[in-house]
Amino acid sequence: MAGTEFGQAVRAWRDRVSPEAAGLPSGARRRAAGLRREELALLAGISVDYVTRLEQGRAANPSDQVVEALARALRLSSTEREHLFHVAGLVPPGSGTVPVHITPGVHRMLDRLAGTPVAVSDAAWTLLLANPLYTALMGERHGKERNAVWRTFLGSGSRVRHTPEARRALEATQVAELRAAASRYPADRRLRSLIAELRARSERFAVLWDRGAMARHEVSCKTVDHPRVGTVTLDCDVLGVAGSGLRIIVHTAEPGTEDAERLALLAGLGTRALVG
């Protein structure tokens, strides 16, 4: 292949990731065990044409967001991710920026929880990765809607039902955790830009920010109004990944309940949709 070192690296690592390992159906008539270009594009959230041009060396200077998305989709180790940044001509994000690298161990944890809605976000509450059942439960999220704080104050909201009291608690918690992230990662330009936009466009956010709102995330139940299976009430637990600021969001239903039955129904609908 006459591609660049970056393109060669992406192609080599694409070949070693099976669709099953990435949470995708394997299908039939595959010439290779690895991911197809369209599958990598889907996982990374970029176009197939761009993946092709990167691999063939016809596209240069990928952004740090693209490199990060590819590293995550390819399940690279920390060393491999660093190498991918270097061959892209970029400096890997430093200690003052929000970590977004998902370790192979966290990937394997998600693989083993295929029957449970699970997602991973960074310290600023930006969605990094979600398994198919989480996406089926909460819906697809793109662009700025992937950040939970932006979605709460400026976006279209979510399928989760909130009482006025719960809504106020959520807002205070999100502002407090965003403030903590800003203090911990002072060199992160994207985080600073997010906070500036929220303060400029949301009066409620600005008030809470200026008051120095203090709160912390508590274990909670979430009631989700789903368009296909109806109302589902689930326990929501948020687990921290030591040393990274990553958050693993896990939704579970009490066994033997209607909520568990609806979650199982949703899992079946999601699987059929993927195969179809």
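Note that this is a predicted model, so its numbers are computed, not measured.
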Pairing of E145 and R141 as salt bridge, 4.0 angstrom limit: no
N-O pairing of R199 and D210 below 4.0 Å: yes
Separation between CG (D15) and CG (L35), nearest 0.5 Å, reads 9.0 Å
Distance in Å, L43 CG paired with R75 CZ, rounded so as to fall on 0.5 Å steps: 8.5 Å
Carefully, step by step, assess S121 and T126 under the rule side chain to side chain donor-acceptor pair (under 3.5 Å). CA-CA 5 Å; S121 79; T126 297; over 6 Å; no
Looking at E38, I want to see if its CD is surrounded by more than 12 non-hydrogen atoms of other residues, nucleotides or ligands under 6.0 Å. yes
Should V10 and V48 be counted in the same cluster of Ile, Leu, Val, Met, Phe, Trp and Tyr side chains packed under 4.5 Å apart? no
In a check of side chain to side chain contact (heavy atoms under 4.5 Å, CB included) between W125 and each of I249, L194, T152, L178, which one passes? I249
If you round to the nearest 0.5 Å, how far is CG of L84 from CG of L90? 9.0 Å
Between V224 and L269, is there shared hydrophobic-cluster membership here, with clusters defined by ILVMFWY side-chain heavy atoms closer than 4.5 Å? yes
Audit row: H226, M138, side-chain contact (heavy atoms from CB on, under 4.5 Å) steps and yes/no: CA-CA 8 Å; H226 195 275; M138 297 296 186; over 6 Å; no
CG of L40 to OG1 of T52: how many Å apart, nearest 0.5 Å? 9.5 Å
Of all heavy-atom pairs between A59 and Y50, which one has the smallest distance, and what is that distance? CB-CE1, 3.7 Å
Determine the minimum heavy-atom distance between V66 and P62, stating which atoms define it. CG1-CB, 4.1 Å
Shared ILVMFWY cluster between L76 and V51, side chains joined below 4.5 angstrom? yes
All heavy atoms of V98 vs all of A123, minimum pair found to be CG1-N, 3.9 Å
Nearest heavy-atom approach of N131 to L113 is ND2-O, 3.4 Å
Can you classify the ring geometry of H83 versus W13 as parallel (below 30°), tilted (30 to 60°) or perpendicular (above 60°)? perpendicular
Just so I know, are the side chains of L266 and L137 near enough to count as touching, which here means a heavy-atom distance under 4.5 Å? yes
Full working for salt bridge (charged side-chain N to carboxylate O under 4.0 Å, His left out) between R192 and D188: CA-CA 6 Å; R192 291 201 303 268; D188 196 292; over 6 Å; no
If hydrophobic clusters are built by linking Ile, Leu, Val, Met, Phe, Trp and Tyr wherever their side-chain heavy atoms come under 4.5 Å apart, do L191 and V100 end up in the same one? no
At their closest point, which heavy atom of P99 faces which heavy atom of L246, and how far apart are they? O-CD2, 3.8 Å
Taking the side chain as C-beta and beyond, is there a heavy-atom pair between L198 and L154 under 4.5 Å? yes
Pairs involving residues 136-187, ordered by first then second residue, that meet ring pair (Phe, Tyr, Trp, His ring centres under 6.0 Å) (sequence neighbours left out): F153-F205
When you look at CD of E258, are more than 12 heavy atoms from neighbouring residues, nucleotides or ligands closer to it than 6.0 Å? no
Hey, is R151 close enough to E171 for a salt bridge, meaning N to O under 4.0 Å? no
Quick one: pull up CG in L129 and CG in L127 and give me the separation to the nearest 0.5 Å. 7.5 Å
Is any side-chain heavy atom of R247 less than 4.5 Å from a side-chain heavy atom of L239? no
Do the side chains of E197 and K144 get close enough for a salt bridge, i.e. N-O under 4.0 angstrom? yes
Under 4.0 Å between a Lys/Arg side-chain N and an Asp/Glu carboxylate O for D225 and R159? no
In Å and rounded to the nearest 0.5 Å, what is the CZ to CZ distance from R37 to R11? 6.0 Å
V241 to I248 - nearest heavy-atom pair and separation: CG2-CD1, 3.8 Å
